[in-house]
Every structure is written in structure tokens, then in C-alpha cells.
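In what follows, a structure is listed as C-alpha cells, so that the remarks can point back to it.
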Amino acid sequence: MDWDDLRHFLAVAQVGTFLGAAKILGIEHATVRRRIAALETRLGRKLIDRRGQRIVLTPDGDQVVELAAPIALQAASIEQLGRTSSKELQGEIRISAPPALSSALLAKPVVDLRHQHPGIQVTLVGEKRFASLNRREADVAIRLSRPEEGDYKITKVGAISFDFYASEDYLASTRPADWTFIGYDESMKAAPQHIRLMEFAAGRPIALRSSVLEFQAAAACAGGGVAMLPDFAVERMEGLHRIDSGAPLTREIWLVVHSEIKDVPAVRAVVETLKQAFRR
């Protein structure tokens, strides 16, 4: 049994697409397809069904995931064993963070870290889903929700305020009863800021939807409607006017690192850099 075949299969099972699994693994999606085909041939069982772009596991696929998941955790633990013995400030550190937050707040701190410690290479994975620290999809994660379980070192490093904004021209030319809104797509429908936006819209239309925060802000600036935006995004935009809707929505920022590697020098240096970035 080739462990790499199982590793590729678990990635597909987790995210539900070949492309998503390829992004996690840092390879071409054709390689993921080939690995899973090889695993199915070796086992003589069909493990996945294609439904458009999405992938659904067969009953045999579900069973393989159940059996392989503990192996993945064991393999990750062995890999971490080598890292925890290192005393040098070097190696690759993967940071998982929401895309808009990472581009707005983390670029300069990460560059400064590299200047100070050139032996550390940083890969910043901008994603909304929760990367698995257990499976080494990331070493450090920045989240807007506190993990409920897991052997993690968790630190609150700040908070983000969300409020409603629109262009001054839009507000001057459109009655509140006729406002349209700029919201998130289906992938973010459970996010607190989207729920708050739907409550404030109170039946008024969501005319534009996007999972890309930068697009929402740009659309609001262009007169596309009312958007709910975080404070760090508005600071970089001109022409947006805050709408008085009561108290803003506040979301806490959490920094998460697996307990097994929290004392690895390179990981510790990255964690301290991120803490200082959010303090500023």
C-alpha cells in the first residue's frame, strides 16, 4: 500500500474536489486524480462518485477514510517529532488565515520576519475553511472563531469590528427603503457578519454576492449598495460612509498552534511576529 495514495484520497475526502485537494497538497489536480485511480485499482473498489465539480464518497470510500484517518495523524506526529528537536530558526512554516485579513494585515510583518530570520520560509495559505493542524495542512492558524476541541495552544490576539457602509453618492440618491445590499455567497451564509447583514436588510434585496471581501468593498465604493465591512478594509478605501445601525458587530481573532510544535524555535518566532502585528 502506497501511503501517498491514501494521503491524496484523504485530502479529496476532506474538501470534496480534486482542485481543492491539489491546493492543500501543493500539486497539480491531475496528480490527485491519478493517485486516487491507483488506490481504487489496488483495492478493487470504487471510492468516489463525481457529481459535477463535487465528489461524493461511496460507502467503501467512507470506510477507507475511517481506517486511514488515524494513520494520517500518526504520520503527522512522526513528522512533528523531527521538528520539535530542532534548535535552529529555520524551516518552512505554513500560516492559514482568512484571505482579506492576511493581505491587509500580515504582509509587512511576515516580510520583516524574513529579514530578521532568513532561514525561515513562510507559506501563507489564504482560506476561509479550517485547515487541519493535526494533518500538517498548516502550522499556525488565524481564525475568527475559537476552536472548540483539539490539542492546541490558543491565544486571543485582537478583534475586528464590522459595520455597514455605502458610498456617499449612493446614500444621497437612494432612500433607505430602496437600498440593495452586497452580501456573501453560499459558502459564507453561516458567518455572523452575513447573518447580521440579512437581519439589517429585512427583506430588501441582496443584489450582489461575493466571497471576496475586496470585491464587496470596491462594489460599495462604486455605488453598488450597502455592504457590511470590517474596519481594516474600510481604512484602505476612500469614499465609503458608515451607516448608523447601532453597535457594530465584533469578532475576536484567535491565533492557534498545535501544542506539539509550539516551542519549535521557528514556529515560536512566527507566533510572536503575528501577536505583535495584531497588537499594532
task: Check the side chains of D49 and T58 for a donor-acceptor pair under 3.5 angstrom, ignoring hydrogens and angles.
output: no
task: To the nearest 0.5 angstrom, please state how far the CZ atom of F278 sits from the CD1 atom of I160.
output: 7.0 Å
- request: For the pair H194 (side chain) and A190 (backbone), establish whether a donor and an acceptor sit closer than 3.5 Å, ignoring hydrogens and angles.
  value: no
message: How long is the straight-line distance from CD1 of I261 back to CD1 of I93, given to the nearest 0.5 Å?
response: 6.5 Å
field: Donor-acceptor pair, side chain of R209 and main chain of G183, under 3.5 angstrom
entry: no
query: Is a side-chain donor or acceptor of D139 paired with a backbone partner of R94 at a separation under 3.5 angstrom?
result: yes
- prompt: Where do H117 and L113 land on the side-chain contact (heavy atoms from CB on, under 4.5 Å) test, with the steps shown first?
  reply: CA-CA 6 Å; H117 303 296; L113 171 74; 3.6 Å; yes
- line: d(M228 CE, I195 CD1) to nearest 0.5 Å is 11.0 Å
task: Provide the closest heavy-atom pair for D60 versus K46 in the form atom of the first, atom of the second, distance.
output: CB-O, 3.8 Å
- request: Can you establish whether the number of heavy atoms outside R114 located under 6.0 Å from its atom CZ is more than 12?
  value: yes
Test item: R35 side-chain N/O and V32 main-chain N/O as donor-acceptor pair under 3.5 Å: no
message: Given 3.5 Å as the limit, does a donor-acceptor pair link the side chain of E40 with the main chain of L47, or not?
response: yes
